[in-house]
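A note on names: the letters A, B, ... follow the listed sequences, proteins ahead of strands, and every chain is numbered from 1.
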Amino acid sequence: MKTIFSLFHYHQYSIATARIPSTNSTTRSFWSTVAISLQHHHAPPSAPLYLRTASKSEAENTLISLIKSCARISHLCQIHCYLIRTSFLLNPTIFLCFLSRIALPPFQNIPYSYRTFLNYPNHNISLYNTMIRAFSLSDSSFLGFELYREMVHFGISADALSLLSALKCSIKMGSLLNGLQVHGMIFRDGHISDCFLSSALVDFYSVNRKYDEACKVFAEMSYRDTVAWNSLISCQIKNKRTRDALTAFDIMERSEGPRPDDVTCLFLLEACANLNALEFGERVHDYVTSCGLSGSIKICNTLVAMYSRCGSIEKAYEVFKNMPRKDVVTWSSMISGLASNGYGRDAIEAFMEMQRVGIAPDDQTFTGVLSGCSHSGLVDEGLMFFDCMRKEFGVVPNIYHYGCMVDLMGRAGLLDKAYELISRMEAKPDAAVWRTLLGACRIHKNAILGERVVEHLIELKAEEAGDYVLLLNIYSSIGDWEKVMKIRKLMKEKRIQTTPACSTIELNGKIHEFIADDVSHPRKKEIYEKLDEINDQLRIAGYVSEITAELHNTDVEKKRTTLSYHSEKLAIAFGVLSTPPGTKIRVAKDLRICVDCHNFAKILSAVYNRVVIIRDRHRSHHFREGHCSCNDYW
DNA sequence: CTAGGGTTAG
């Protein structure tokens, strides 16, 4: 026996095969060892090997373990031929095993597996399930749903797995109707208590923006495990109920039920980043450490991102520094973090360091580098990186890279160059790219180009309230009130409604939310009084509200009043009111901060001697002693 | 006769 194994070891397969005793004495463990040995050496299975097996069941078991352990698709093809020749393929167990292997990851060869599936004479439910699941993981999920229908049509009633796969197909193909049908079947057949199905349903309603339905499914679950909670938390983040995600974590941590796991923490760190909730983020960090999850590279990468997005670049660097292994995601997170916090030069430095340690940059690394250049006004450097990314690193610029370049050129006033760049990009420019250029037109008060950009947005049928607001801003900044009226009328006709911006501030781990002219907060009277007081103080220090930031062509005094109650100002006032002097005030805003609020925060940081950090949808603005980290490169 | 399956970083 030993000799045979050593022959295998030295890749002498044919000699080894010849020496295998053809008696019944060969045991199952022997054949499994042979199978593993072959797999270990990536050796193709040799057909005569199996023909000589002692009994049929021995051969079956060997084949199954061999199929399961095959490391290459080409070996599976060879086994396939062998199975056909020996009629082993008609064995349902072996066929199912074979089909799952070629249809599911890591091979996922859909054409091959579907062809094989179609050629099989008797389809049972397991085969259907495997095939539907394979489709649900592929790009042709609609075929999976068709197969599910076909199965039901042929009188095979769907079980939990069929329904799960059909549901995943509906999610992937984005069909609300199909998913609802599956939910109906789940309900009808009494699978509603299946934890896996309910979690998938939560996810289904989540991606279809039906938050209440998702909550309903979750509430009706008889038992909720960690994954079910994770699905809910993911749903809350996707559906702008990020604060509820923090609450959900609270409940999980306090109750005796399922423990938050690494995935829960990933979601929570994202939630904290979205809300600029540094304290809560630190709490999750502590939890991660206490559970021994701090060795996970995924978690650490997300921690780096969370701390940077919360404007705490020091803490981000701390985590980054202590990571024993750093991959491309780690470096990209650090680079993007430096970039969004106004450290463009350091972002470039980190990019150089990354190459010194031999990590190849990818597309997202360049997004970080280029956005760093654009935020810090490093025009030449940005152009240089954009030029060399394809030539030297083989990274083809995507739409985000073009977005960064448009931003870079746009801020620098090279509006026509930016327009030209968009016109000759190989990918079709999306709304975000045009919107970036529109933002630049706003900064440089270029109404003519602004109009052209909006036309492109209309052509894409992607115009949003925010775009018209930018255009309005351009007109009002140059005092063209006639055009302002025209646009407002147009907006009314098109029934475009402005969505109120929302700002959040964290106090003692609790998130407070404000929208413009908000009156919902329990301490609203105090807050408004404080804000009026702040406004008076700042005016003494020379703050003049930038009235062009407001749209309406009303009298100046009224404009000043409207501007006074922007959501970020309310949040800042609340921060000044409720924290002792010297405490940092950190605010998150879902849209972009306006010029006026920018000035407001800048002067406030000097007058009240507070560090104010505002994170809008693009970056963090650090205000300290009357200065801003972005050097007013707004 | 059963198993199979749901959430996942920049």
Side-chain angles (χ1 to χ4, degrees), chain A residues 64 68 92-93 96-97 99-101 103-105 124-134 136-137 158-168 171 182 186 191 194-207 214 217-218 221 223-238 245 248 252 258 260-270 273 288 293 296-309 316 319-320 323 326-340 347 350 354 359 361-369 371 400:
Chain A
I64 288 176
K68 279 189 179 160
T93 323
L96 177 62
C97 179
L99 186 73
S100 345
R101 237 3 227 153
L104 300 176
N124 60 26
I125 186 162
S126 303
L127 292 180
Y128 269 113
N129 284 351
T130 306
M131 208 57 235
I132 299 169
R133 195 168 120 72
S136 80
L137 299 169
D159 67 1
L161 190 62
S162 335
L163 292 168
L164 186 69
S165 306
L167 189 59
K168 293 205 83 182
I171 293 174
V182 177
I186 292 170
H191 291 297
D194 188 314
C195 199
F196 284 71
L197 277 174
S198 299
S199 303
L201 275 175
V202 170
D203 196 44
F204 162 70
Y205 284 117
S206 164
V207 301
V217 173
F218 183 80
M221 288 176 78
Y223 171 74
R224 303 171 193 100
D225 63 3
T226 300
V227 181
W229 279 95
N230 290 349
S231 305
L232 178 77
I233 291 172
S234 139
C235 169
Q236 288 163 332
I237 294 173
K238 272 185 206 138
M252 279 181 91
D261 65 357
D262 51 340
V263 179
T264 322
C265 293
L266 290 176
F267 283 134
L268 251 100
L269 291 173
E270 193 196 330
V288 159
L293 291 169
S296 153
I297 193 157
K298 263 189 188 177
I299 290 278
C300 290
N301 289 343
T302 315
L303 275 169
V304 171
M306 183 276 290
Y307 279 129
S308 338
R309 288 184 61 203
V319 177
F320 173 83
M323 285 173 68
K326 298 180 181 70
D327 62 7
V328 59
V329 180
T330 320
W331 283 96
S332 308
S333 311
M334 198 63 234
I335 291 170
S336 305
L338 289 164
S340 66
M354 172 183 179
I359 305 277
D362 67 4
D363 51 343
Q364 298 208 49
T365 319
F366 278 103
T367 310
V369 174
S371 78
Y400 300 106

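Side-chain atoms of Val263(A) lie closest to dT8(B) of the nucleotides dT8(B), dG10(B), dG6(B). The listed nucleotides are dT8(B), dG4(B), dG6(B); the one nearest the side chain of Ser126(A) is dG4(B).
Val202(A) comes within 4.0 angstrom of nothing in the nucleic acid, heavy atoms only. Counting non-hydrogen atoms under 4.0 angstrom, Asp225(A) reaches a base of the nucleic acid. Using a 4.0 Å heavy-atom cutoff across all strands shown, Thr367(A) reaches no nucleic acid atom at all. Across all strands shown, Thr302(A) has heavy atoms under 4.0 Å from sugar-phosphate atoms exclusively, and none from any base. Nucleic acid contact class of Cys195(A) (heavy atoms, under 4.0 Å, all strands): base. Residue contacts for Asp362(A): at a heavy-atom cut-off of 4.0 Å it reaches a base atom on one of the strands shown. Contacts of Ser333(A) with the nucleic acid, taken as non-hydrogen atoms under 4.0 Å apart, involve only primed sugar atoms and P, OP1 or OP2. Ala200(A) comes within 4.0 angstrom of nothing in the nucleic acid, heavy atoms only. Within 4.0 Å of Asp363(A), counting heavy atoms only, lies no atom of the nucleic acid at all. Within 4.0 Å of Ser231(A), counting heavy atoms only, lie sugar-phosphate atoms of the nucleic acid but no base atom.
Rounded to whole Å, the distance from CE on Met354(A) to P on dG10(B) is 16 Å. Whole-Å rounding puts the Met131(A) CE to dG5(B) P distance at 16 Å.
In this structure, Lys168(A) reaches the dG6(B) phosphate: one of its side-chain N or O atoms is under 4.0 Å from OP1 or OP2. Between Arg133(A) and dG4(B), a side-chain N or O to OP1/OP2 separation shorter than 4.0 Å is absent.
Residues Ser126(A) and Asn129(A) have side chains that never bring a donor and an acceptor to within less than 3.5 angstrom of each other.
Residue Asn230(A) forms a side-chain hydrogen bond (donor to acceptor under 3.5 Å, both in side chains) with just one option from Asp262(A), Asp225(A), Asp261(A), and that option is Asp261(A).
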Next on the checklist: Is there a salt bridge (charged side-chain N to carboxylate O under 4.0 Å, His left out) between Lys238(A) and Asp203(A)? Walk through the geometry before answering.
Outcome noted: CA-CA 10 Å; Lys238(A) 272 185 206 138; Asp203(A) 196 44; 3.6 Å; yes

